[in-house]
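Notes follow once the structure below has been shown.
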Amino acid sequence: MTAMISLQAAEIDPNVVKPGWIALLIVLALGAATVLLWLSMRKQLKRIDVDRDGADAPAPSGDPASPDGSPSPAGDAAPTTSEQTPTPNEAKQH
């Protein structure tokens, strides 16, 4: 019971308590770090070389274009190696 009384007596008055210098220094340090990071990012973005002339052109490719990106127009799968090359037993039979 005495603990409850001592806690009530030790309540902090919000009109008296104010933020300290440490909180101000933390906020200023965060602001300075943000500015330095922003300047560094700006410097890195200026280094990027953008080709504005060919930006809308598709990338060159050695393969002919197919309508939907499939290897064949019908969308069939490529034959497996067993279908392409005969096994040694099949070669002896012929």
Side-chain angles (χ1 to χ4, degrees):
M1 185 78 168
T2 57
M4 290 287 279
I5 295 172
S6 65
L7 286 176
Q8 289 176 350
E11 280 189 27
I12 299 172
D13 184 14
N15 295 327
V16 176
V17 177
K18 296 181 178 162
W21 289 104
I22 294 175
L24 176 65
L25 292 176
I26 291 172
V27 169
L28 291 176
L30 287 172
T34 302
V35 169
L36 290 174
L37 286 171
W38 179 71
L39 291 173
S40 175
M41 181 185 67
R42 212 172 122 199
K43 179 181 170 185
Q44 294 297 322
L45 287 175
K46 284 183 180 180
R47 288 183 178 180
I48 297 174
D49 183 28
V50 179
D51 182 20
R52 303 243 184 236
D53 294 335
D56 294 333
S61 174
D63 299 330
S66 62
D68 58 346
S70 63
S72 65
D76 299 332
T80 61
T81 56
S82 63
E83 293 174 1
Q84 291 177 352
T85 57
T87 59
N89 292 336
E90 292 175 355
K92 289 180 184 178
Q93 291 174 356
H94 293 283

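Quick note: numbers below take in every heavy atom, side chains included, and nothing from hydrogens, waters or symmetry partners.
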Pairing residues for W21 by the side-chain contact (heavy atoms from CB on, under 4.5 Å) criterion, not counting sequence neighbours: L24
Residue that, paired with Q44, satisfies side-chain contact (heavy atoms from CB on, under 4.5 Å) out of R47, K46, M41: R47
Results of side-chain contact (heavy atoms from CB on, under 4.5 Å) for I48 - residues two or more places apart only: L45, V50
Other cluster members, L36 - Ile/Leu/Val/Met/Phe/Trp/Tyr, side-chain contacts below 4.5 Å: none
Hydrophobic cluster partners of I26 (side-chain heavy atoms under 4.5 Å): I22, L30
All side-chain contact (heavy atoms from CB on, under 4.5 Å) counterparts of L39, not counting sequence neighbours: V35, R42
N15: side-chain contact (heavy atoms from CB on, under 4.5 Å) partners, not counting sequence neighbours: D13
